[in-house]
Structure formats: structure tokens, C-alpha cells
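Residues: numbered from 1 along the sequence shown. Since the model is a prediction, treat every value here as computed from it, not as a measurement.
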Amino acid sequence: MEFSMIAEEGDDIVGFEEGRVWLPAHVLDEAWELKESLRPQQQHHHQRHHHHHRRPKTYLRGDPVPLYHYNTFSKSNSGTILYHQSRPRFQSGNKVSSVAAGTGMQAVFLDSGQRTCGTGFFLPRKAGNTFQPNKKPACSPVLLPSRVVQALNLNVHELGSQLTPRRDSNNNIRGRNQDLTSNKNGSNDDDDDVYENVSKTRWVASKGRTHVTVYFPYDHIYPEQYSYMVELKRALDAKGHCLLEMPTGTGKTIALLSLITSYSLSKPSNPPKLLYCTRTVHEMEKTLAELRLLHEYQLKHLGPSARILALGLSSRKNLCVNPNVISTNSRDSVDAACRKLTASWVREIAIENPNIPTCSFFEKYERAGSDAVLPPGVYTLQDLRSFGKAKGWCPYFLARHMVQFANVVVYSYQYLLDPKVAGIISKEMQRECVVVFDEAHNIDNVCIEALSVSVRQQTLEGATRNLSKMAQEIDRFKATDANRLRREYNRLVEGLAQRGNLAITDAWLANPALPDDILREAVPGNIRKAEHFLSVLRRLVQYLKGRLQTENVEKEGPVAFVASINAQTGIDQKMLRFCYDRLHSLMMTLEITDTDEFIHIQTICDFATLVGTYTRGFSIIIEPVDERMPHIPDPVLQLSCHDASLAIKPVFERFQSVVITSGTLSPIDLYPRLLNFNPVISRSFTMSLTRDCICPMVLTRGSDQLPVSTKFDMRSDPGVVRNYGRLLLEMVSAVPDGIVCFFVSYSYMDGIVNSWNEMGILQDIMQHKLVFIETQDVVETTLALDNYRKACDCGRGAVFFSVARGKVAEGIDFDRHYGRLVIMFGVPFQYTLSRILLARLEYLRETFQIKEGDFLTFDALRQAAQCVGRVIRSKADYGMMIFADKRYSRHDKRSKLPGWILSHLRDAHLNLSTDMALHIAREFLRKMAQPYDKAGAEGKKTLLSEEDLEKMVKSNATDMLF
């Protein structure tokens, strides 16, 4: 499917409410003919009714005045639509004319292509449609109140001369964007030149607008996908940020990719790059698979001009093809094993000594030089590995190199939000990039984790061992190569930023906090010498060991903590700020490749740099024990970030458009406050369905009418535990296929499963379906999921026990027969006695005026919505959602759920007992077994064709003018 969109190209868009809709030529002409034929009725209508105009925007002296058609419609007594715009007689040349436009109004007509504010809308591109407008207006009217014109002393003659239309070589007036498509060189094509097999639609009054043809790889489109693209296009035109909540299972990913790639194709001279951020590798691969399908469709219709380079980027662990490297277990071990083979000093030694092992893939990649490039195409991680094996090149460093040339890059959140990683991977990205954070409902937590550090007793003991080993290396270099240490000292005098461009294999994690101007300063003199720096780190480690000996919970701000360090160790704030980069420099000088063994001292220096840089938005919290396990001594010192905007602020400032989207962003108005930004578009969409395939229910009591809840004073009640068990038992006997249960925490799940086992409920459940449980071990959980799917595939069905905020709740889909029912046992509030949470709540209240209760409810309900949303992944799917807690019946809790869930939550389903819920479930399943029309009836279509879009736009043309 292809459909076109006209969007106004103005740079200074204040808001989409100020946009003016531009209609196709035939719509304007039909309205004009209707107006001419009904002029007597119109005059009669004017005698009986006053004509009210919308108050136009006021522009200050010197501001560009937007030109737009000001069309108004009203209905007469007979219901006939009357067209209320006087059609001017356009004059040739650069003359300016004005006519009266109602009481106190003056219409100024300028024949120019002045840029305008606002955005446009989609209209279908129908094959073979070569409609030519009957009349092509040479100028555009501007309606301003007469008093405004007088007050501004508007010199329309001078303004008209400044806005002279652009002329071509034959002295013919041309619009700013004359054609829908552009040629390979970025110049405008002539009227008769089109891409092969691609039709065009001509538009009237297209000056100052960008034509965008949206290439959508399916024959039909959901109405919400269409609306989603419209709002996304508004944000891109505004060059601003947006928040978009799209229901799960409605094709959000393909809508995003179709619009943004088509938008880039419409700007061949300067196409914006797409940076698509996902949470998991699985989501990354799914996104690239969708993009490949779309790219094949674009190549089919546009040919070679649609070629792009798109790739996924992940860690060495996911891209390495060297069997000796990937045999290690953890990501840090793989990184260290790679550096042992590819570090610049290792390769230099290997030239003289062939017995030194190196990586053959990297060596061949280096020898290829500028020829080591990826041809255009879409590359998943598996594709990159296969390409690397075929060429004998290292796919990780090849992908790192090609990121700067790619049109689309798909990678993890951390590559933009974690400053240590972003400073290496995303440093060269240009401002014109469009950044998308998909499934971003937890983006504030990701930002906080990127700037938080925990220090335990094991960390300090490991740091002490690291310092001893580094001291031995320093002594060895003093005896063998003292000039190396001297050269490092001289370099540090000039500043860390003057160390030059490191080899790509030597580049370590970037500084977590310091900007480039700070790094250009000279490193403090008392940490320039290697042995002096180690002495400072020893004193810092010893100080932290002393602080961990406390028997009471302590909380301090960064300023007080730094003052305490300075008083007891003599380490000032500036020395702390440079610790991370100074350690990096020293490890490079000492040629250390075992970076995984030095992870502890890296953590200490990361902590030191952050605490020495930020004065607000952080707390240092020292806890001698975990309150949930008070008998086990486990002291921890935590530098906790409370302000999510600190990590994402550089992203908002650096890139012109950032899209934050998910299926669970409600309440959507809280995110701009948490992230401290002003979106130009903030919109939540509903799901259009031909049948009610979603059945949410709120269960407040069991069959014995006792209330159920996971409130702290009720969760251990035997009656609540028994009622929860009876609910599940009744459902497994009535619901076919898979059932997914979510609990509020691992500890609560363990306790309630043990209780069910003692009561005999678990054995009764297993008479109907097999039971699988998520654990905190990734391998065990993966195995449990595979067996759960096998049980569902064989027809017996199964039950999967999971935890809110866990891996399964965040990234695993239970579509089709894998999930016909999801039960949310309780409200997944955070542990409200957590010192870190309490400190964050205090900061949010004082800084952003967000009440503690509002944030806790918001956080719990977005997690609950994320859990139940796993059950419905397409419109052809169906499933039930049970919110099993009496607190969900309260409006202040329930209203925080996404609109696409609330729209299906009936009043009759708000206060159910177990037997009532069972009856509703049976009725729902019986209804879902009936055949239905997937496209929907005429009045309630959920699959739109090109013709449907065209009819919809025509029928809504009048409403869109307002």
C-alpha cells in the first residue's frame, strides 16, 4: 500500500493545534462549485446568522506571516453545507491585493511560497490517479484582524516583494517542492518524470510543503496505525520530541519504520538517520525482520534509489565469531578475551613474535582497510555473523565502523542513555537523527540505573587486589620502560582530551559524567604520577571500607559526602571527578587487557567521578543489612540517582526528534515531568476492533465473598491464599491452552506456591494443566518457557508462573494459544520501605511536585498493564485479563490503566467474585468461537484499504478544516 502526505515545512511549529489543513485540488474545487451553486442560500443564511471566524494567531513585527487557506463551513437550516470563503481573483506578478473578510477582518493575498506552520495529513495514492487541478492558485490568502494589520503597520507591498516566488530557468514560477518524488541527485523531477511503477497524486497549494509517500508493505492498514503515522509526522515536521502510546498488537513497529524511512526517502539531499533503541536482543531482531520486509517492498516499487543500510549493533558476546573468545561465559569475559587478541600493543608484539596469539578475523578486517564495508541491505545480528564468517572479517568491529554510515541503526537503550557506552558508540551521530525508544514505559528506571553505583564489601576487597597488581606493573615498567610513564605524565598535563584518537580496539568506556571541556583541563597534579594516583585510590578504598562498618542506616547528599572524604583523606572534589579517566589512562599505559579482572576498581572510580560531579539528584545511602533478610550481614553503599532526566537530557538536547513510545505509557502526562522535557506531540491511541476480543475483569473477592488483595496485612491471610488458589483452579478447568499468572514478587510467589502445595490446590491444578515457574536464573527460565510452549502446542495447555518486573513480563509474548488468560495476582507496588525508593520519592516531591502516592500508583499500574498486555498480540488474537485485587475497583487506581484496556472494561466487570468471573470467562470463550469478519463491517472497519482511506479523508474533509 502507498499513500501520500502533505506536510507543512515550517521550522517554528509551536503546536499541532495551530496547523492548517491543505486539501487536494478536487476537494477545494468541489467545494467552490458547491458554493457558487448555493450562493443564494448562502446570502440568505448570512442574513439570518452571524458569521464567526476563528481568532487567528498573532505575529510580532518581523516574524514570517504564515499563508494558509482560511475555509469555513456551516450548515443551513436545510442541512446543506455552505462554503464561506470568498475566492479571490488572483493577479499576476508580485502584486498584493486585499479584500474584506467579515467585520474587522482583512484578507491579504500574496503570490509566494512562504513557509507555513503546522502539519498535513495522509491521503491514499491510488494507482493511475493522474488528476490535474482545474485551477492552480497563484497566491494564498492571509486573514488578519484589521486592527492587527494597522497595529503592526503591515507594509504588504514590501512584504510581497520579499516573498517573490522562485523561478526556473524559463522564468516560470515553481513551488518549493514541486514533485512528490526526487531524483537520485536530490533535484526536483519534471512533471512527467516518475519512478517506475509508482503513481503520483497532484496537490493544489503545495508550495512550502514536503511531499511524503508512505510505503507500507501490507495491503491494509489499521486505523490506529494511520493515526499514529499522522502524529509521528507532525513531530518530525516540528523537529521536536513526542510521546505516543499505541496498544499492543496493533503494528506499532511497522508503522514507525514505514513513516520514518519514507520520510527519509522524501529528503534525498539530507535524509535523517534513524536510531531505533530496544530493550532486548530479541526485540532488536524482531525490529530488523520487520524492516527487511519493508525494505524489500520499497525496493520493489522504487528500485535502487530506495537502497539503505540498516544494521543491529550489540556487544561482542552477541557478534563475535572467534570460537576461542565466545567460549567464555559472561559479557565482561568475552570483552577481555577480545582485547587480549586485538589490543594495539599485543598486535605490535605479535609482529615480532608469531607465537603471540591474535584474532585472525580482526587481522583480516584490518588488512581489508577501506574495502571492509557492508553493501546496502538490512542486517540482523545473525546476518552480520554470517557475513563476517564468509569474508573472514570481525563482525563486531565491522558493525562499529559501519554505524556512522548506516541509514538505520538498531541497538540497546544503553548505547544512548549510559554515558559510559554512549561516549564510545554514539559520539559521532549527527543532530538530524530521529531517535526512537520502543517499549519505553520503564525508560525512567533505565536512566536511573545508568547513573547509579553500588559498592559492597566484595567490591572493596577486589579493588584492593587490583591496586596491588597495578602497583607491581608500575614497578616493572619503571625498571624496563620508565619513559612510558614519563610520556603519560606529560600528556596528562595537557589534559585527558589531548591523548589523541585511540585505536578502536583500545577504546574503553567513556567518562560517565564529565563533558569534553572538563577533559581538556590539566589533570590535578597530585594524581598525574601513577604511584600518586594509586595512593589516592587506596585512601579512597580505605575510607569506603570504614563507612561500610556502620551499624545504622546512613543517608547523605553528594556535597556532604565529598566534604567528609576531603576532611578524612585529603581527596578533593576535582580529584574525584578525574578518577575514571585517570584510571583508563593508567590501564592503557600499563597495557592491561584483563579488564574483567579489574571490574572492581573500575566501579570505585565510576562512583568517585559521579559523586564528584553531581551535587543534586543523588543520594549516598549506606545500609548494614537488607531489611528483608535482617539476620544476614550484607553492608552496601549505594550512590543512587533520583533524577531520570540527567541521563536522557543529552539525548533530548543533541537530537532534533526523540520518539518515546510503548503500549503502556498511561498516565502519559507524567513522563514529561519525570524526564523534564516538553513534547510537541503527546497522544494515546485506542484499539479498533470488529469484536470485543479483550475481556478485562476486576476480581475483588472469592467464592466465599471474602476480599482478596496482596496488601501487606492481607497477603499472608489463609483465606486470601485459598481464594487465589481456587480462582486459578476454576480457570484451568474452563480455559483451554495457556494461562499466565503474574505475582508481585519472587518471595510472594514462592510463599503462595508453597501454601497451595500444602493445601493440595497445586496438585488439583496439575490434574488439568502442567505448571512451569520463572526463576531468577536465565537458563532455567528459558528452559521452562520452551517446555511451556511445547505443552501448549500439544493441546494439553499449561500454566506459567511469573513475576511482575521480571524478564518474562518485559519481553516475552504469549500470543494465540500460548496465552488465553492472564491473571495479575495483586498490585505490583515497589517495596515501599526501600531507602532508595523513599529518597527518590522525596526528590520527586521537592523537585517536580509529584506526590508519593501518585508516583507509586503510576509505577504499579504500568507494570500491571505491561503484564496483562502480554496476552494480546494481534487483532486476530483474543484473551482475558483478570486483575485479582480489590484495590483495582477503586477509580484512582483503575484510571491509571491504558485507555485501550479501560475501553473494554465494563462496569459489570468491576466487582466480581470467582464464580462470576468464571461465568463471564465461559461466555467470552463461547463468543470467541464464533466466526467473524476480520475486516469489519462498513461502519466499523478495522482494516483499511487505499480506497477506504480516500473515502475517510473525503468524508472528514469538512471536520479537518476545524
Side-chain angles (χ1 to χ4, degrees), residues 628-629 697-776 780-781 784 787-788 791-792 796-804 806 808-809 814 819-829 831 864 867-868 871 880-889 911-922:
R628 289 170 287 190
M629 294 179 289
M697 295 177 273
V698 174
L699 186 135
T700 60
R701 58 194 187 278
S703 298
D704 56 4
Q705 304 305 309
L706 290 178
V708 293
S709 177
T710 57
K711 290 179 65 176
F712 188 75
D713 55 349
M714 293 181 61
R715 62 172 54 183
S716 300
D717 186 283
V720 173
V721 174
R722 183 169 50 254
N723 278 327
Y724 275 152
R726 289 295 176 186
L727 167 65
L728 180 58
L729 180 59
E730 294 287 355
M731 289 300 167
V732 297
S733 63
V735 178
D737 301 319
I739 296 177
V740 186
C741 302
F742 287 97
F743 299 87
V744 294
S745 66
Y746 282 106
S747 59
Y748 182 67
M749 181 176 68
D750 293 341
I752 201 170
V753 170
N754 286 333
S755 299
W756 287 348
N757 186 45
E758 294 171 358
M759 295 177 181
I761 295 176
L762 193 61
Q763 288 75 12
D764 294 339
I765 293 173
M766 295 183 69
Q767 294 296 321
H768 299 276
K769 297 180 186 294
L770 297 177
V771 176
F772 300 91
I773 302 179
E774 176 190 8
T775 68
Q776 299 186 53
E780 289 180 357
T781 300
N787 290 326
Y788 169 81
C792 293
R796 179 177 181 180
V799 181
F800 194 88
F801 290 166
S802 186
V803 174
V808 172
F814 294 95
R820 292 304 182 197
L821 168 67
V822 59
I823 304 176
M824 182 70 242
F825 289 109
V827 183
F829 284 106
Y831 179 56
C867 292
V868 300
V871 77
M880 295 173 287
M881 310 169 180
I882 296 180
F883 297 92
D885 195 299
K886 67 176 185 178
R887 290 173 289 182
Y888 286 111
S889 63
N911 188 17
L912 303 178
S913 61
T914 300
D915 50 354
M916 296 168 65
L918 180 63
H919 173 74
I920 292 172
R922 286 173 172 162

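- No side-chain heavy atom of Leu912 sits under 4.5 Å from any side-chain heavy atom of Ile882.
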Without placing hydrogens or testing angles, list every side-chain donor-acceptor pair under 3.5 Å for residues 762-773, not counting sequence neighbours.
unit_1: Gln763; atom_1: NE2; unit_2: Asn757; atom_2: OD1; d: 2.6
unit_1: Lys769; atom_1: NZ; unit_2: Val735; atom_2: O; d: 3.1
unit_1: Lys769; atom_1: NZ; unit_2: Asp737; atom_2: O; d: 2.8

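- For Arg887, the salt bridge (charged side-chain N to carboxylate O under 4.0 Å, His left out) criterion is met by Asp885, not counting sequence neighbours.
- Residues satisfying the ring pair (Phe, Tyr, Trp, His ring centres under 6.0 Å) test with Tyr788, not counting sequence neighbours, are Phe800, Phe814.
- Checked against side chain to side chain donor-acceptor pair (under 3.5 Å), Glu780 has the following partners two or more places apart in sequence or in another chain: Thr775.
- For Arg922, the CZ atom is loosely surrounded, since the number of other residues' heavy atoms within 6.0 Å does not exceed 12.
- Across every non-hydrogen atom of Leu699 and Ala917, the tightest pair is CD1-CB, 3.8 Å.
- Residue Met880 is tested with Arg820, Met697, Met731 for a side-chain contact (heavy atoms from CB on, under 4.5 Å); the sole match is Met697.
- Counting all heavy atoms, side chain and backbone alike, Ala884 lies closest to Ile823 at CB-CG2, 4.3 Å.
- The distance from the CG atom of Leu728 to the CD1 atom of Ile761 is 9.0 Å, given to the nearest 0.5 Å.
- Across all non-hydrogen atoms, the minimal contact from Val708 to Met714 is C-CE, 4.5 Å.
- Annotation: the span from Ser703 atom OG to Leu727 atom CG amounts to 8.5 Å, rounded to 0.5 Å.
- Among pairs with a residue in residues 709-742, those fulfilling ring-ring contact (aromatic ring centres under 6.0 Å, His included) read Tyr724-Phe825, at least two apart in sequence or across chains.
- Rounded to the nearest 0.5 Å, atoms CG (Leu706) and OG (Ser913) are 11.5 Å apart.
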Table please: side-chain donor-acceptor pairs of residues 743-753 below 3.5 Å, with sequence neighbours left out.
unit_1: Ser745; atom_1: OG; unit_2: Ser747; atom_2: OG; d: 3.2
unit_1: Ser745; atom_1: OG; unit_2: Tyr748; atom_2: N; d: 3.1
unit_1: Tyr746; atom_1: OH; unit_2: Glu774; atom_2: OE2; d: 3.3

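- When every heavy atom of Thr914 is checked against every heavy atom of Arg726, the shortest pair comes out as CG2-O, 4.5 Å.
- For the pair Tyr888 and Val698, the tightest heavy-atom approach, listed with the atom from each and the gap, is CB-CG1, 3.6 Å.
- In terms of heavy atoms, Cys867 sits closest to Ala809 at SG-CB, 3.9 Å.
- A side-chain donor from one of Thr700 and Asn911 sits under 3.5 Å from a side-chain acceptor of the other.
- When side chains are defined from C-beta on, Met759 counts as touching Val721, because their heavy atoms get closer than 4.5 Å.
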